[in-house]
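The structure under discussion appears below in the form of C-alpha cells.
Per chain, numbering begins at 1; letters A, B, ... match sequence-line order. The analysis underlying the following values was restricted to heavy atoms, covering all of them including side chains, and did not include hydrogens, waters or symmetry mates.
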Protein chains: 2
Amino acid sequence: MANIKDVAKLAGVSISTVSRVVNNTAGVARNKKEAVVRAMSELHYKPNSFAKALVSNKSDSLGLVVGDLGDPFFSLLMRGVEKLASQYNKQLLVSSGHHDPEREKEAIRSLIDRRCDAIVVHSKALPDYQVMELLESQTSSVIINRRIQGFEERCIYLDNRSAGEMATRYLLEQGHRNIAFISRSSENRHLELEDARDRYQGYQDALLAHSIFPDSELLSKNQPDEQGGYNATLELLNRNVEFTAIFAYNDAMAAGCMMALRERKVQVPNDVSVIGVDDVLLARFLNPGLTTVRYPIEAMGAAAASLALALFREHEQPQLIREFMPEIQIRESVRSL
Amino acid sequence: MANIKDVAKLAGVSISTVSRVVNNTAGVARNKKEAVVRAMSELHYKPNSFAKALVSNKSDSLGLVVGDLGDPFFSLLMRGVEKLASQYNKQLLVSSGHHDPEREKEAIRSLIDRRCDAIVVHSKALPDYQVMELLESQTSSVIINRRIQGFEERCIYLDNRSAGEMATRYLLEQGHRNIAFISRSSENRHLELEDARDRYQGYQDALLAHSIFPDSELLSKNQPDEQGGYNATLELLNRNVEFTAIFAYNDAMAAGCMMALRERKVQVPNDVSVIGVDDVLLARFLNPGLTTVRYPIEAMGAAAASLALALFREHEQPQLIREFMPEIQIRESVRSL
DNA sequence: CTGTTAGCGCCTTCAA
DNA sequence: TTGAAGGCGCTAACAG
C-alpha cells in the first residue's frame, strides 16, 4: 500500500506538499498540485488513518454501546446515532454489552482503548458508580436511557414516569378500572431499574388520582422481551384476578402478552385491552394494532450522539433537550368501556 | 494520557521492557515485571491502539456495511457478525449504505481507509463490477447476500430460487392454484436484483411443475418494505384478478400485505393465505402468525464474518458453507383448501 | 509556496 | 534478560 513518501517521490515534491494537497491545509502551486493528484490516483494512495490519528490525537470515530444488536429497539437507537455520525463524518464503532455487566464493561473499555472521539453508552447492567467513573474519565461520553445523579447534563433520557402515567391515564379515560401492569424484572438484584420503577410510579400516580389503590395482584414481572410478556401474562391469567386492561412495560412484552391472550382465547380489545411503550415497528403490525406510548428513541439516539460530539468539540455543555417526553400513539388494542 | 514512556520511567525500566510485559512477548524478571504492572495501573496506562496499529499494520477490527441500521433484518445480520467479532476480539465498525449507491461506496471506502482487518459487505445498490473491484482490492472482504460471478468463494448467500420454490410449492400443496407474488421493484434500473429474480424463478418453477402458467396479472412489484407490501397488495386487489394466496418477497412486505387485506376486510387465511420470506421477529407476532420461509440471516452473518476473518489470517479460502438453504416455518397464515 | 525536521506511541531487531 | 535505536506514516512548526 502506497504511502505519502511514494506519492511525494512520484510527484517529484516533498511529503509536506503532498500532505498539503491531501488536507487542503495550505496553498500549493497549481502544477505541483496536479502532479500530486495524479500520483495519488496512480498509486491508489489512501492516507493511513492510524498515522493520522496518532499525530492528531483524534480518530474521527464515534463509539456506541448497545444492549443487543438484534433488538429492534436498539436498531432504532443505532439508526439515530448513525445519522449524526455520518453527518459529522465519523466512523461508527459499535459494541454490544449483551445485558451483562462484565461484557458491558468490556464493550466500553474496547471503545475507550480505541480512543473514540465521543462515546454513547446504553448501559443497564452496570451500577451507578461504574457509570460515573466512565463519565468522569471520558469527558465526551454520554449516557442514553438512564439518568445518573449529578451527571444529568451528560444523560439523554425519557420521562418514564410520564410514560407510565400517560398509558394508565389513557386506560382510565377509556373507562378501565382494573388495570394490570406487566413489568420488567431486574436480572441484577443490586440494580434498581429506574425506568421500570418510574413507569410503575406513573402507573400508580394515575391510579391514585382516580382514587384507585394499586393492587399488587395486578403486577407481574418478567424479562423485558416477548417471552417475558408471554410468561407474565399467563401468570396474571392464572391468578384469577379481575382486570380489563394490561399495561405492558414495553411493546415487546405487549406482543408476548397479546400472544398469550390469543392462546387463551381472550380477545383484544374486546375482553382485555393492551397498551405498550416504545412504538417499535412491530406495534403497527400487530393485530389489532398496538396502542402504545411512543418512545422517540431514534431522535434520542441522535440527540445523544449530538451531545457527545459537541462535548468533544467544545468541551462545554451545549443547550439541548435531555429529557424527552413520550406521547401516546393510539391504534386498536384499547377498547372504551 | 500516560504513554509507554511514562510507565517505563515510573517503573525504572526501558520502554522495551514495558512493551514486553504488556504484550507478554518475552520473559521479564519478576521484580521488574511487578514494577511495570504497578506503574501501569497507577498511571491508568492504556496502550495507544493507533500506534500499535501503525507499527503492526493491523487494527483488530472488523468492518460491516449494511443497508439500514434500523431494519430488523440487518439487525439480525449485525448480531451474527458481532458474535464472531467479539469472539475474535475484533472491534466492529459499522457503516450504513442507506440503499444508495453513492453512500454504499462511501461506507465501504470509510472502512477501507480505516484498514479493517476484514470487511463484510451487504450491497444491493452497487453494480457487479464495483463490487468486484472491492473484492479484488481487499483480499479479506466478503460479500453477503449476493453472489458475484467468479467470486463465489468470497460470497455468502441464500439459495433464493429454492426459497421461492419452497414457498410456492407449500401453497400448491395446500391446494392453492391462483398464487399472487408481490415482489421488490429495483430502485436502480440498471441493476437486476438477483434475489428477487431468483425467488421469482423458484415461484415460476414450482407453478410450472404443477402445469400452471404464471400470470403476469398476479405479479405486483413495489419497494421491499411494509409500505411497499401494502401498496402492492392494494394494487393487486384493484386489478380484480382471482387469487387465494399471496407469496410476498419478504416478511416486511407480507406484514404490509396483511395490513392492506385487513383494511379491505379480506380475512387471512380464510379468504386469502399469505406467506413471506425471512422469518424476522415480526413474523411470529403478526396475527395470524406468518408462515414464512426462514432465512438464516444471523447464521449467515456469522459465516460471513468467519470467512472474512479466516481470509485475513490465512490468506486462503477455508472450507465452509457459502450457500445457505432456507426452510419453511409454518404458522397460521396459510390455509389448506 | 516549499522542503526539512521533529515528533506522535509503539514494536522489534540488534547488541550487550 | 535488558536497553538503545530505527522506523511505521503522518502533521506541524520552522526556515527558507
Can you work out whether B:Leu54 or B:Val13 has the more 5'-proximal nearest nucleotide on DNA chain D?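 Taking each residue's closest nucleotide, the earlier one in sequence belongs to B:Val13.
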
Could you pick out which residue, B:Arg20 or A:Met1, lies toward the 5' side of DNA chain D when each is mapped onto its nearest nucleotide?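 Taking each residue's closest nucleotide, the earlier one in sequence belongs to B:Arg20.
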
Gap between atoms [atom1] and [atom2], on [X] and [N] respectively (whole Å):
X	N	atom1	atom2	value
A:Asn48	D:dC10	CG	C1'	8 Å
B:Asn3	C:dG7	CG	P	14 Å
A:Asp113	C:dG9	CG	C1'	14 Å
B:Lys5	C:dG9	NZ	P	8 Å
A:Asn23	D:dG9	CG	C1'	12 Å
A:Lys52	D:dG9	NZ	C1'	12 Å
A:Lys58	D:dT11	NZ	P	11 Å
B:Ile15	C:dC10	CD1	P	9 Å

Is a donor-acceptor contact shorter than 3.5 angstrom present between the side chain of A:Arg115 and the base of C:dG9?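 By the distance-only test, no, there is no pair.
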
Examine the base of C:dT4 for any acceptor or donor lying under 3.5 Å from a partner atom in the side chain of A:Ser16, and report the outcome as yes or no.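 Donor-acceptor pair under 3.5 Å: yes.
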
Nearest-0.5 Å distance that lies between atom OG in B:Ser61 and atom OH in B:Tyr88: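 It is 16.0 Å, given to the nearest 0.5 Å.
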
Counting just side-chain N and O atoms, does [X] come under 4.0 Å of either OP1 or OP2 of [N]?
X	N	answer
B:Thr17	D:dG3	yes
B:Ser14	D:dT2	no
B:Lys32	D:dG3	yes

Kindly point out which of D:dG9, C:dG9, C:dT2 is positioned nearest to the side chain of A:Ile4?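 Of D:dG9, C:dG9, C:dT2, D:dG9 is nearest to the side chain of A:Ile4.
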
NA contact type, [X], heavy-atom cut-off 4.0 Å: base, sugar-phosphate, or nothing?
X	value
A:Val28	sugar-phosphate
B:Ser56	nothing
B:Asn57	nothing

Return the 5'-most residue of the pair A:Asn31, B:Ser49 with respect to DNA chain C, ranking by each residue's nearest nucleotide.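 Comparing both residues, the 5'-ward one is A:Asn31.
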
Determine whether the side chains of B:Arg103 and A:Ser86 contain a donor N or O and an acceptor N or O closer than 3.5 Å.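 Yes.
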
With no hydrogens and no angle check, is any side-chain donor or acceptor of A:Ser110 less than 3.5 Å from a backbone partner on A:Glu106?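 Checked: no pair found.
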
When you measure from the side chain of B:Glu104 to the backbone N and O of B:Leu126, does any donor-acceptor pair fall under 3.5 Å?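 Side chain of B:Glu104 to backbone of B:Leu126: a pair is present.
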
When the ring planes of B:His122 and B:Phe73 are compared, do they come out parallel, tilted or perpendicular, using 30° and 60° as the limits?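 Aromatic pair B:His122/B:Phe73 classed perpendicular.
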
